[in-house]
Number of protein chains: 2
Amino acid sequence: MSQTRVVTQHPFDAAVELTPLEVGTFAGRTTPEYANMVGPFGGITAATLIRAVQRHPECLGAPLSLTVNYAGPIAEGPFEVSAIPARTNRTTQHWTLAITQDGVVATTATALFGIRRQTWQHTEAVAPQAPPPATVPPGPVPDFLAWVENYEMRFVTGGLVAKGDAQPSSTSTLWVRDNPPRQLDYPALTALTDVFFPRVMLRIGRFVPAGTVSLTVYFHADDELLAAQADQPVLATARGRRFGNGFFDHAAELWTPDGSLLATSHQLAYFKD
Amino acid sequence: MSQTRVVTQHPFDAAVELTPLEVGTFAGRTTPEYANMVGPFGGITAATLIRAVQRHPECLGAPLSLTVNYAGPIAEGPFEVSAIPARTNRTTQHWTLAITQDGVVATTATALFGIRRQTWQHTEAVAPQAPPPATVPPGPVPDFLAWVENYEMRFVTGGLVAKGDAQPSSTSTLWVRDNPPRQLDYPALTALTDVFFPRVMLRIGRFVPAGTVSLTVYFHADDELLAAQADQPVLATARGRRFGNGFFDHAAELWTPDGSLLATSHQLAYFKD
């Protein structure tokens with residue numbers, strides 16, 4: 001008897017897949033697996049932008065920083081990504097990016113790519129305390145968001161709160177990885193920086209309309225650290241700093257299980273109360 | 001006898017002054033007062049970008065976030081700023097910005113402007129401990145950088161270190177304001193977010209080539225808070241989180257003397273050791 005091995009693409013890879021058009025433009029489309037309340041999960045949009053630069057024939061080195069501005073919703077269906085190397089230096093390269101649908105700008109972004117070289121190194125930030133991932137049960141996660149199904153989330157602190165259960169701190173710390181597990185790479189790490197549900201909900205103890213308007217990621221991981229991480233859970237932590245006038249910001253860190261800092265990230269989000 | 005009152009422009013206002021060309025482009029030029037090691041102080045470049053959006057006829061509301069990428073040095077002399085409203089929503093507006101010299105991109109940026117409205121508010125970040133500014137002596141500051149003369153800096157902790165005096169922490173906390181004092185506004189606040197000398201020098205205890213490659217600012221101050229701040233010193237604090245592979249990041253906060261958070265900021269910088 002013959003056996004048939006069906007090789008299926010990971011939903012993440014399907015979601016960030018791009019078709020090159022002319023140089024510097026790519027065709028993409030939303031996938032139902034990463035749908036959010038309105039449009040796709042912001043993390044998959046950010047990952048798609050990193051993917052676009054990586055697929056550009058002039059790409060130099062690896063991601064160092066990324067800022068994504070969620071200017072408007074991306075409608076279900078096709079979109080176009082433009083990636084322009086605005087300036088290329090000897091070891092760094094600055095990108096200007098946009099996602100459009102029918103010529104309307106939905107997302108703007110800039111990215112810095114470059115070549116890392118060994119220097120003095122030290123991690124001054126301190127990883128949060130957390131028990132090993134296997135000892136932390138998965139969940140709770142919202143069951144009405146498709147994209148959440150693609151992540152295994154084990155909350156150490158700051159999980160979803162019951163209505164009326166306002167918390168004194170907006171900190172969430174969780175073990176998180178792709179579901180099914182997948183080798184970590186720069187696009188997947190990018191997406192992970194946006195898995196935190198809006199901090200304001202922890203503080204006011206109820207669901208409110210909220211969403212990221214600007215996300216910045218600083219990539220500290222090099223290829224070696226990503227390879228060593230493989231498909232292990234990432235220790236992710238985020239905390240809000242200032243809430244008011246319809247906006248709040250948060251600062252986040254993503255750590256390997258043995259305490260290496262993969263990325264730091266920040267975002268500004270809107271909310272209505 | 002008649003008296004003549006000579007009204008001179010503050011050097012900050014002279015430095016961010018722009019002449020409108022066609023809609024969305026402005027002519028600016030560097031001023032010697034804000035010169036840095038190579039090109040102008042990064043803070044004045046960031047402030048100039050905010051100023052460009054403010055002067056654009058389609059500008060909506062006030063700054064909410066800004067990301068500036070220092071792609072290459074700005075040479076002494078004239079430059080051109082382009083400011084494009086990539087998307088305007090009902091209460092938010094996303095800008096794509098660039099500074100060019102002779103058609104070569106020196107700086108790329110994105111900004112979010114918008115209209116603030118009253119909501120639930122809370123500041124979860126905690127201001128650093130600091131004695132009143134008048135009790136903290138000015139300095140020490142490097143005497144070979146022109147731009148530093150335009151700021152009054154009173155270091156509470158983490159001032160310039162003597163060669164060989166490596167510090168265990170990269171935190172600097174200082175009282176800082178324009179010199180001569182000037183009413184705080186969004187451009188001036190923007191510039192203040194970049195007054196921190198490179199954190200890596202505190203840690204390795206010597207001068208090394210280093211500079212910001214990407215700066216992000218989240219503006220928490222509204223017009224009322226800026227007006228109340230007037231020309232008082234701002235309590236500014238910054239701390240590095242990860243140093244390695246030729247880059248480091250830091251997180252910063254800027255506070256009013258009575259504990260209101262004006263802005264949070266982050267940057268990625270390169271360094272050579």
Side-chain angles (χ1 to χ4, degrees), chain A residues 64-65 67 69-72 86-87 89 91-96 98 104-106 108-112 114-125 169-170 199-200 203-204 213-214 216 218 220 222 239-247 249 251 253 261 264 266-268 270-273, chain B residues 64-65 67 69-72 86-87 89 91-96 98 104-106 108-112 114-125 169-170 199-200 203-204 213-214 216 218 220 222 239-247 249 251 253 261 264 266-268 270-273:
Chain A
L64 292 165
S65 77
T67 293
N69 301 292
Y70 299 92
R87 178 154 179 157
N89 299 312
T91 60
T92 57
Q93 188 172 52
H94 287 266
W95 292 84
T96 300
V104 177
V105 172
T108 64
T110 58
L112 172 64
I115 296 166
R116 292 178 168 84
R117 61 181 201 292
Q118 283 214 328
T119 58
W120 178 79
Q121 66 88 21
H122 182 79
T123 301
E124 195 165 324
S169 162
S170 68
R199 308 288 85 201
V200 68
R203 293 302 312 279
I204 63 179
V213 287
S214 189
T216 288
Y218 297 149
H220 299 294
D222 57 15
R239 183 172 193 179
R241 288 184 300 180
R242 164 73 192 160
F243 305 80
N245 291 328
F247 296 92
D249 64 341
E253 298 166 358
L261 191 55
T264 49
H266 312 93
Q267 61 174 261
L268 187 74
Y270 82 90
F271 73 97
K272 295 180 180 174
D273 64 350
Chain B
L64 293 165
S65 77
T67 293
N69 302 291
Y70 300 92
R87 178 155 179 155
N89 299 313
T91 61
T92 58
Q93 187 172 52
H94 288 266
W95 292 85
T96 301
V104 177
V105 172
T108 64
T110 58
L112 171 63
I115 297 167
R116 292 178 167 86
R117 61 180 201 294
Q118 284 214 328
T119 57
W120 178 80
Q121 66 87 20
H122 182 80
T123 301
E124 196 165 324
S169 162
S170 69
R199 307 291 83 202
V200 68
R203 294 301 314 277
I204 65 179
V213 287
S214 189
T216 288
Y218 297 149
H220 299 295
D222 56 16
R239 183 172 193 178
R241 288 185 298 180
R242 163 74 191 159
F243 305 80
N245 291 327
F247 296 91
D249 64 342
E253 298 166 357
L261 191 54
T264 49
H266 313 92
Q267 62 173 260
L268 187 74
Y270 81 90
F271 73 97
K272 295 178 180 174
D273 65 350

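Just so we're on the same page: letters track the sequence lines, and every chain starts at 1. Predicted, not measured: the structure shown is a model, and the values here were computed from it. Computed from heavy atoms alone, side chains included, the values below leave out hydrogens, waters and symmetry copies.
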Residue from B/Val200, B/Asp273, B/Ile115 scoring the most non-hydrogen pairs under 4.5 Å with chain A is B/Asp273
Could you grab the distance from atom CZ of A/Arg117 to atom CZ of B/Phe247, nearest 0.5 Å is fine? 7.0 Å
Which answer fits A/Ser170, side chain, backbone, both or neither, if we ask what part of it has an atom under 4.5 Å from a heavy atom of chain B? both
Among residues at least two apart in sequence or on other chains, which ones pass side chain to side chain contact (heavy atoms under 4.5 Å, CB included) with B/Thr96? A/Thr96, A/Thr108, B/Ala86
In short, B/Ser65 meets A/Leu268 closest at the heavy-atom pair CB-CD2, 4.0 Å
Using a 4.5 angstrom heavy-atom cutoff, name the option from B/Trp120, B/Trp95, B/Phe271, B/Tyr270 with the most pairs to chain A. B/Trp120
Chain B contacts, top residue of A/Thr91, A/Val213, A/Leu64 (heavy-atom pairs, under 4.5 Å): A/Leu64
How long is the span from the CD atom in B/Gln267 to the OH atom in A/Tyr218, to the nearest 0.5 Å? 7.0 Å
Which of the residues A/His220, A/Gln93, A/Gln118, A/Lys272 is involved in the greatest number of heavy-atom pairs with chain B at under 4.5 angstrom? A/His220
Looking at B/Ala71, is its backbone amide N or carbonyl O close enough to the side chain of A/Asn89 to form a donor-acceptor pair, meaning the two atoms are under 3.5 Å apart? yes
Partner chain B: residue of A/Leu261, A/Thr264, A/Leu112 with the largest heavy-atom pair count (under 4.5 Å): A/Thr264
Out of B/Val104, B/Asp249, B/Thr92, B/Asp222, which one racks up the most heavy-atom pairs below 4.5 Å with chain A? B/Asp249
Roughly how far, to the nearest 0.5 Å, is CG of A/Asn69 from OG1 of B/Thr67? 6.5 Å
Identify which part of A/Arg87 has an atom lying under 4.5 Å from any heavy atom of chain B, answering side chain, backbone, both or neither. side chain
So, A/Arg116 side chain and B/Asn245 main chain: donor-acceptor pair closer than 3.5 Å or not? no
Of A/Arg242, A/Arg241, A/Arg199, A/Arg239, which is the lone residue that meets salt bridge (Lys or Arg N to Asp or Glu O under 4.0 Å) with B/Glu124? A/Arg239
